[in-house]
*Asks:* 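Below you'll find the structure I mean.
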Amino acid sequence: MSKLAEKVQQELLRAIDNDELVLPTLPEVALRVREAAEDPDISIQDLAKVIGNDAALTARIIKVVNSPLLRTNKEITDLQMAISRLGINYTCNLATGLAMEQMFQATSDVVDRKMREVWNKSTEIAGICHALCRHYTRLAPDQATLAGLVHQIGVLPILTYAEEHSELLADSISLNHVIERIHPVIGDRILKAWDFPAPIAAVPGQHLDFSRDSAKVDYVDIVQVATLQSYLGSQHPYTELDWATIPAFAKLGLDPKADVKEDEDLSAAMEAAMSMLQ
């Protein structure tokens with residue numbers, strides 16, 4: 001590790017320990033959606049009013065409900081109909097995840113490109129999570145999708161820090177090293193600060209612990225397998241791990257040697273899930 005990477009890492013970890021790191025806040029619309037989701041008596045009409053204040057998010061929800069993965073014979077053009085089709089919980093989780101895209105923007109071109117790269121990878125992994133969840137578990141696909149969208153949320157404060165420290169921005173190797181080492185710790189803090197439900201809040205901090213073996217399949221397992229599958233066919237170091245020793249595969253009932261993209265039905269479901277998030 002370079003001296004710069006070591007210095008930055010120590011500074012960021014010290015800031016975390018002292019509660020001095022400025023954590024990102026959820027976009028306003030995501031906060032309102034989550035607040036609505038916590039109301040057991042929320043109606044479709046009320047939720048539509050909350051989401052309807054954000055034209056871009058409304059368009060995304062309608063796009064999702066008409067995607068190959070979810071569409072019915074009749075095209076849906078109305079937000080209330082879309083929520084009715086998806087269900088309130090599914091809509092809330094999806095809206096929360098999609099609203100986060102607003103956070104992955106920066107004033108500097110270099111940081112903006114890196115944020116787009118992180119968000120695009122997150123949507124790819126979220127799409128794989130959705131398909132794996134539906135095919136191999138009884139967990140909720142909308143929660144699995146949200147888990148995929150937030151698993152790299154800890155990268156945001158690091159890139160914000162880099163934007164203010166030109167020497168780190170100019171050294172991409174050191175920047176990537178810092179991101180890899182500490183984004184799980186920061187992501188864990190962020191989701192706890194946002195009061196995310198425990199099964200999702202555990203994902204950033206635990207998804208890279210490939211020896212982790214929980215009592216039963218959970219969203220961390222799904223994100224782990226989705227992350228590994230996303231790098232198949234590349235030269236990424238994850239492809240050199242012995243996947244047969246990773247408990248998440250067994251818990252999903254998935255052959256670690258299998259490329260899920262070779263299963264036509266599963267591959268089509270993954271493509272459809274990814275495209276609905278982009």
*Asks:* Tyr219 and side chain to side chain contact (heavy atoms under 4.5 Å, CB included): which partner among His207, Gln206, Gln143?
*Replies:* Gln143
*Asks:* Check this for me, if you would: do Asp221 and Arg212 make a salt bridge, where the nitrogen-to-carboxylate-oxygen distance has to be below 4.0 angstrom?
*Replies:* yes
*Asks:* Does the side chain of Glu163 pick up a donor-acceptor pair with the side chain of Thr107 at under 3.5 Å?
*Replies:* yes
*Asks:* Measure the shortest side-chain to side-chain distance between Leu175 and Asp171 over non-hydrogen atoms and say whether it is less than 4.5 angstrom.
*Replies:* no
*Asks:* Quick one: does Cys129's side chain get under 4.5 Å of Thr145's, heavy atoms only?
*Replies:* no
*Asks:* Apply salt bridge (charged side-chain N to carboxylate O under 4.0 Å, His left out) to residues Glu101 and Arg60 and explain how you reach the verdict.
*Replies:* CA-CA 11 Å; Glu101 185 174 8; Arg60 296 289 296 279; 2.8 Å; yes
*Asks:* Would you compute the distance between atom CD1 of Ile158 and atom CD of Gln152 and round it to the nearest 0.5 angstrom?
*Replies:* 10.5 Å
*Asks:* Can you list everything that forms a salt bridge (charged side-chain N to carboxylate O under 4.0 Å, His left out) with Lys7? Sequence neighbours excluded, please.
*Replies:* Glu11
*Asks:* Checking Arg134 now: which residues fulfil salt bridge (charged side-chain N to carboxylate O under 4.0 Å, His left out) with it, not counting sequence neighbours?
*Replies:* none
*Asks:* How long is the span from the CD1 atom in Ile179 to the CG atom in Leu159, to the nearest 0.5 Å?
*Replies:* 4.5 Å
*Asks:* Quick one: do the Ser211 and Asp209 side chains pair a donor with an acceptor below 3.5 Å?
*Replies:* yes
*Asks:* Hydrophobic clusters here meaning ILVMFWY residues chained together by side-chain heavy-atom distances under 4.5 Å, can you tell me if Ile182 and Ile173 are in one?
*Replies:* no
*Asks:* Could you state the interatomic distance from CD1 (Ile125) to CG (Asn120), rounded to the nearest 0.5 Å?
*Replies:* 11.5 Å
*Asks:* Would Asn176 and Lys114 count as having a side-chain donor-acceptor pair, cut-off 3.5 Å?
*Replies:* yes
*Asks:* I'd like to know if the side chain of Lys251 pairs up with that of Thr137 as donor and acceptor (distance under 3.5 Å, no hydrogens or angles considered).
*Replies:* no
*Asks:* Side chains of Lys49 and Asn53: closer than 4.5 Å at any heavy-atom pair?
*Replies:* no
*Asks:* With no hydrogens and no angle check, is any side-chain donor or acceptor of Asp242 less than 3.5 Å from a backbone partner on Ala244?
*Replies:* yes
*Asks:* Test: side chain to side chain donor-acceptor pair (under 3.5 Å). Region: residues 123-132. Which pairs qualify, not counting sequence neighbours?
*Replies:* Tyr90-His130, Lys121-Glu124
*Asks:* Does some side-chain heavy atom of Val118 sit less than 4.5 Å from a side-chain heavy atom of Phe104?
*Replies:* yes
